Every structure is written in C-alpha cells, then in structure tokens.
Amino acid sequence: MPNGRSCWDQGLVGCARRIAETDDTPLRVLAGPGTGKTFALMRRVMRLLEDGCRPREIFVCTFTRTAARDLETELSQLEARGVTRVKTGTIHAFCFSLLSHSAVLPITGRVPRPLLKFEERFLLEDLKGISGEGIRVLRKRLLAFSAAWARLQSEAPGWPRDRRDRAFLASLENWLRFHEAMLISELVPETLHFLRNNPESRHRPHFEHVLVDEYQDLNRAEQVLLDELADEGSLTVIGDENQSIYSFKHAHPAGITDFDQTHPDTHDESLDECRRCPRLVVRLANALIRQNPSRVRRVLQPCPGNPDGEVLIVQWPSLQDEAEGLATFIQQRIEQEIVEPGRVLVLAPRRQVGYAIRDALNANGILSHSFFFEEALDGNPSKIQECAAQEAFTLLTLLAKPDDRVALRCWCGFGSPSLNRNAWANVRRSAETSGDSPWAVLEGLVTGDESLPYAAPVVARFRQLQRKLEELDGLNGSALGIVTK
C-alpha cells in the first residue's frame with residue numbers, strides 16, 4: 001500500500017462497520033481490488049465472535065488454497081476468543097473432509113480419493129479399451145462432463161441424452177467405483193447430493209454464518225452448495241464480477257451480479273476506493289471494464305495518496321525471449337533498489353510461461369519459486385524416462401496405503417505404450433467376478449494360484465513392487481527418499 005495507513009479513511013472503516021453489524025439477512029459486498037475487503041471480512045468475523053456466535057458455527061471459505069491460507073493467517077491475528085476454532089478453507093477441502101467421514105461413505109457409495117492429473121491418463125487409457133475412442137476424444141468428453149457437473153446440468157431430466165455420452169458416463173462411473181476414487185470435479189456435486197438427500201444426517205454440518213471470499217470465482221455448483229450450507233443461517237458473499245478470471249474452470253460471475261434476485265432481502269455494501277494500485281492502473285482497469293457490456297458497470301476510485309504508477313507494454317518474438325527479458329528487467333529493478341525481491345509478483349496465463357520466467361530469474365541469481373505445484377509430476381507415464389517422479393510418488397502411496405487401487409493400477413502400467421491396458425482389464429475382470437481386491441488377484445497370479453491370459457506384464461510389475469516395498473519397510477526420512485529414486 002503506497003501511502004500506508006493514511007488510505008484507511010473513515011469511509012472504509014464506516015463501511016466495514018456496517019458490514020460487521022449487518023443482521024442475518026443475506027449480505028453482498030461488491031469490492032474491487034485493493035479496496036479493503038479482507039479488512040471488512042475480518043471485522044465481520046470478529047463482531048460475530050464478540051456477539052457470542054460459536055466459532056465452529058462460522059465457516060469462512062474461498063476458492064483457492066493460497067487465498068484460504070491468507071484467510072487463516074488474517075484470522076489467527078485477530079484478538080478474539082475462539083478465533084482459532086473458526087472453520088476456514090477451500091470448498092473442495094470442506095467437501096473432501098465431509099465425504100471422507102466413515103459414516104458418510106456407505107451413504108454416498110463413493111470414496112473421495114481424488115485422481116491426480118497424471119493418474120487421469122490411466123483412466124482414459126482404460127476407457128479407450130472399452131469404447132474404442134481415442135484419448136483426445138475421451139479427454140474432451142471428460143472435460144464436458146466436468147463442465148456439466150460444475151454448471152449443475154447433471155440435474156436436467158434424462159441427462160445425458162446422447163447415446164455415446166451415456167455409455168461413457170457408465171464406463172467412467174464403473175471405473176471410478178472399482179478403483180475407489182473420484183474426480184476432483186465430482187467432489188462438490190457429490191457433497192451437494194449428500195446434503196440434499198440426507199437433511200437429518202447427524203454428519204450434516206450446521207453453520208450459523210457462512211462467509212465467502214472471491215465469490216465470483218466459484219462455479220454454479222459451488223454457489224448452490226454454499227446456499228445449502230447457509231440454509232439455516234446467514235450467507236455473506238464478497239467479490240467483484242470484474243475480477244472473474246476462472247472461466248476455464250466454469251466460474252459463474254452471474255452468481256454475484258444476480259445475488260439479490262436469488263436471495264430475497266439482500267443487503268448490499270460496496271467498496272470502490274482502490275488502495276493497492278497506482279492511479280494509472282486504476283484508470284486502465286476502468287477503461288477495460290467499460291468495454292465489457294455483460295458486466296455491471298461499477299467504477300473504481302483511485303486512492304488520492306497513491307502515485308501515478310508505471311505501465312509498460314512490451315512484446316517479444318518468443319517465449320524464451322520474453323522470459324529472459326522479464327528476468328533482466330526485474331534484476332535491474334532489484335539492483336537499483338527500486339523494489340525488494342520479495343515484493344515482486346509475476347502473473348502468467350499458463351504454468352509453462354510461469355516456469356520459463358522462474359527458471360530465467362533463477363539463472364540470473366534472483367531466487368524465485370512458482371505457485372504451480374504440478375511440475376514435479378509432469379510427463380508421459382508410458383515413457384520410462386519421463387515417469388520416474390510419478391513412479392516414485394506412486395510407490396510411496398502404495399507404501400502408505402497398499403490397498404490404493406488407483407496407485408496399483410498406475411504402477412502396473414508405467415513404461416508401457418498402452419499402460420498395460422489389456423492386462424489390467426483382465427485383472428479387473430477377475431476381481432469383479434470373484435469379489436477379491438486387485439491386489440489379491442495379483443498375489444494369486446504371483447503364487448500360481450490363479451492364471452489369466454496376457455497378464456504377464458502386470459505380474460512382472462507387481463513382483464517388482466513387492467521387492468521395492470520390502471526394501472522400504474521400516475525406512476523413513478532421507479533413507480526412504482534415497483531408495484525411491
């Protein structure tokens with residue numbers, strides 16, 4: 001904040017006080033970037049605790065893990081009794097926690113073991129063996145189903161209507177149920193389904209107050225789920241329709257613009273003075289917002305004490321040139337003591353771009369890190385030279401949980417062009433017929449108590465797994481890491 005506390009004027013404090021003191025009617029706070037929405041949100045939580053609300057009946061949530069950690073940090077700094085017991089986190093973390101409860105599993109019939117990105121490749125390969133469709137077609141179908149769940153299209157009568165989509169859905173559900181897993185995109189609709197169909201369950205959470213940050217980033221299923229959680233309490237949403245950047249994850253910004261139409265008696269507050277950004281950035285933002293006819297035209301106000309700022313528009317001929325150019329620019333600013341390294345944030349539209357910039361900065365001696373966590377497990381699992389990290393991660397998963405069927409499926413397929421699709425299909429078919437686990441079937445194949453056609457590749461992989469697990473037994477820490485390499 002360029003002008004420090006001088007920007008926290010009475011207007012913000014007054015608005016924050018109104019937000020904190022609003023009664024149990026639905027509350028919508030339209031807050032632009034850097035306008036003090038976190039300050040206002042914390043004021044409301046503090047007021048609720050001071051008024052005697054039980055901490056465990058307050059749920060403060062947001063969309064991303066990073067934002068959730070920031071909320072937890074802000075809450076921990078409040079000097080209010082019971083604040084550490086306020087429930088905070090992402091919606092997906094909440095859903096995973098609820099669905100993981102031992103008493104909920106028999107009701108839903110699902111196991112909330114989420115598939116990682118590289119593990120989805122094994123799912124698609126197995127579905128390819130069932131449908132005969134190519135991986136690209138199947139991936140498009142999977143994305144379409146994820147979009148339908150996010151938008152609650154799955155609630156339409158007769159959904160899906162296309163014969164091939166119906167067959168795909170049946171095969172998908174069968175694979176997930178057999179492997180005791182779920183897709184990340186299923187967590188929210190499955191939780192919503194449980195809450196709606198089990199209103200009297202003792203495991204259904206009851207919140208007196210639900211507060212949601214960055215509401216515009218949520219998809220429709222997530223917004224409806226929050227309505228369900230706040231059904232017996234109050235709902236407070238904070239966000240800005242003009243900051244919706246997650247369309248690729250099916251964000252539903254109309255949820256905040258139309259909030260008053262779907263939630264009667266909504267009380268509105270607005271935070272429009274941008275304390276974070278230089279005045280030039282605010283003017284550019286307003287000019288951009290005016291070009292979007294589908295959004296509510298709200299105007300950001302620059303904080304009078306902020307500097308004009310600087311905006312440079314530069315193009316490079318290639319990604320590598322761009323990464324090196326940005327790294328050099330940042331290095332110069334740091335060496336000239338214009339900015340400290342820890343005050344530099346580089347935003348990139350794709351993680352590949354972010355990786356290139358990070359690597360260029362590190363090459364220039366500017367220590368940097370990425371907020372993307374997927375890189376270590378990137379690679380094609382059918383190519384031995386690319387799947388070493390995936391294989392090590394899978395091995396550790398099986399060491400911790402030998403009955404993890406997804407991990408076992410992956411282990412048995414690594415390095416094969418077809419991921420040993422046909423051999424695994426025979427193992428799965430035998431397990432479904434006998435009622436045994438795939439692990440038990442593979443043990444029978446190793447001892448000779450069972451025999452299956454074309455199963456030799458997965459038997460060889462399973463023998464290797466048994467040897468490695470024996471080597472790892474009893475190890476921990478750095479010794480465990482050395483053996484898995």
Side-chain angles (χ1 to χ4, degrees), residues 1-8 12 31-42 60 62-79 83-84 88-90 93 213-214 217 238 240 243 245-246 271 273-282 284-285 300 302-303 305-314 316 319-376 378:
M1 218 176 298
N3 204 28
R5 295 294 298 181
S6 63
C7 280
W8 293 92
L12 172 61
T35 56
K37 63 186 179 65
T38 302
F39 173 77
L41 183 64
M42 293 303 105
V60 184
T62 189
F63 180 61
T64 65
R65 293 189 299 264
T66 301
R69 286 194 294 269
D70 290 343
L71 284 177
E72 289 177 358
T73 300
E74 293 287 342
L75 281 171
S76 67
Q77 296 173 357
L78 293 181
E79 297 179 359
V83 69
T84 57
T88 62
T90 65
D213 196 12
E214 307 294 1
D217 290 334
I238 299 181
D240 178 13
Q243 292 186 71
I245 60 173
Y246 287 101
L271 295 170
E273 187 173 83
C274 182
R275 294 157 173 79
R276 178 192 305 150
C277 302
R279 286 179 288 178
L280 177 56
V281 173
V282 174
L284 288 173
L300 278 174
C303 183
N306 284 4
D308 281 336
E310 181 182 23
V311 175
L312 303 176
I313 301 176
V314 184
W316 283 276
L319 173 58
Q320 188 60 36
D321 290 327
E322 178 179 349
E324 293 175 357
L326 284 171
T328 300
F329 176 79
I330 293 170
Q331 182 181 22
Q332 292 173 348
R333 289 299 178 100
I334 292 173
E335 290 175 349
Q336 295 168 7
E337 298 185 351
I338 297 174
V339 65
E340 297 176 7
R343 302 289 294 178
V344 178
L345 174 65
V346 180
L347 301 178
R350 293 182 295 120
R351 58 193 176 104
Q352 287 79 9
V353 178
Y355 293 157
I357 298 171
R358 178 206 58 196
D359 293 343
L361 283 167
N362 287 332
N364 284 8
I366 306 298
L367 184 62
S368 62
H369 72 277
S370 171
F371 285 99
F372 296 106
F373 299 104
E374 300 92 338
E375 183 182 21
D378 282 349

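In this text the structure is predicted, and so the values were computed from the model without any measurement. The analysis underlying the following values was restricted to heavy atoms, covering all of them including side chains, and did not include hydrogens, waters or symmetry mates.
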Note to self: Looking only at side-chain N and O atoms, does Gln332 offer a donor or acceptor that is under 3.5 Å from a partner on Gln336?
What the structure shows: no
Check: Looking only at heavy atoms, what is the nearest atom pair of Ala40 and Leu271, with distance?
Finding: CB-CD1, 4.3 Å
Next item on the list: Locate the shortest heavy-atom distance separating Ile330 from Val346; write the atom from each residue and the value.
Entry: CD1-CG2, 3.7 Å
Next item on the list: Tell me, please, which residues at least two apart from Glu324 pass side-chain hydrogen bond (donor to acceptor under 3.5 Å, both in side chains).
Entry: Gln320
Next item on the list: Answer yes or no: is there a side-chain heavy-atom contact under 4.5 Å between Pro33 and Leu300?
Entry: yes
Checklist line | Ile338 atom CD1, neighbour heavy-atom count above 12 within 6.0 Å | finding: yes
Next item on the list: Would you give the length of the straight line joining atom CG of Leu361 to atom NE2 of His369, rounded to the nearest 0.5 angstrom?
Entry: 12.0 Å
Checklist line | Residue pair Phe63 / Thr90: nearest heavy atoms and the distance that separates them | finding: O-CG2, 3.9 Å
Check: With sequence neighbours left out, what residues match Thr62 under side-chain hydrogen bond (donor to acceptor under 3.5 Å, both in side chains)?
Finding: none
Checklist line | Distance (rounded to the nearest 0.5 Å) between Met42 CE and Leu78 CG | finding: 6.5 Å
Item checked: Reported CG-to-CG distance for the pair Asp321 and Leu326, which is rounded to 0.5 angstrom -> 11.0 Å
Next item on the list: Compare all side-chain heavy atoms of Thr38 with those of Asp70 and state whether any distance is below 4.5 angstrom.
Entry: no
Note to self: If you define the side chain from C-beta out and look only at heavy atoms, does anything of Val60 sit under 4.5 Å from Asp213?
What the structure shows: no
Item checked: Derivation of the salt bridge (charged side-chain N to carboxylate O under 4.0 Å, His left out) call for Glu214 and Lys37 -> CA-CA 10 Å; Glu214 307 294 1; Lys37 63 186 179 65; 2.9 Å; yes
Notebook entry, point to check: Where do Thr35 and Arg275 come nearest, in terms of heavy atoms and distance?
Noted result: O-NH1, 3.5 Å
Check: Do Asn306 and Pro278 have side chains that get closer than 4.5 Å, going by heavy atoms?
Finding: no
Notebook entry, point to check: At what distance, to the nearest 0.5 angstrom, does CD1 of Ile313 lie from CG of Leu284?
Noted result: 7.5 Å
Note to self: Show, in sequence, the C-alpha distance, side-chain angles and deciding distance for Val314 and Phe329, and conclude whether the side chain to side chain contact (heavy atoms under 4.5 Å, CB included) test is met.
What the structure shows: CA-CA 11 Å; Val314 184; Phe329 176 79; over 6 Å; no
Checklist line | Over 12 foreign heavy atoms within 6.0 Å of CD, Glu337 | finding: no
Next item on the list: Please say whether more than 12 non-hydrogen atoms of neighbouring residues, nucleotides or ligands are located less than 6.0 Å from CD in Glu340.
Entry: no
Notebook entry, point to check: Hey, what do you get for CG (Asp378) to CD (Gln352), rounding to the nearest 0.5 Å?
Noted result: 7.5 Å
Checklist line | From Ile238 atom CD1 to Leu41 atom CG, the distance as rounded to the nearest 0.5 Å | finding: 4.5 Å
Next item on the list: For Ser76 and Thr73, work out which heavy atoms get closest and say how close.
Entry: OG-O, 2.6 Å
Next item on the list: Taking side-chain contact (heavy atoms from CB on, under 4.5 Å) as the test, write out the residues that go with Thr84, two or more places apart.
Entry: none
Next item on the list: Give the minimum heavy-atom separation between Gly309 and Leu280, together with the two atoms involved.
Entry: O-CD2, 4.2 Å
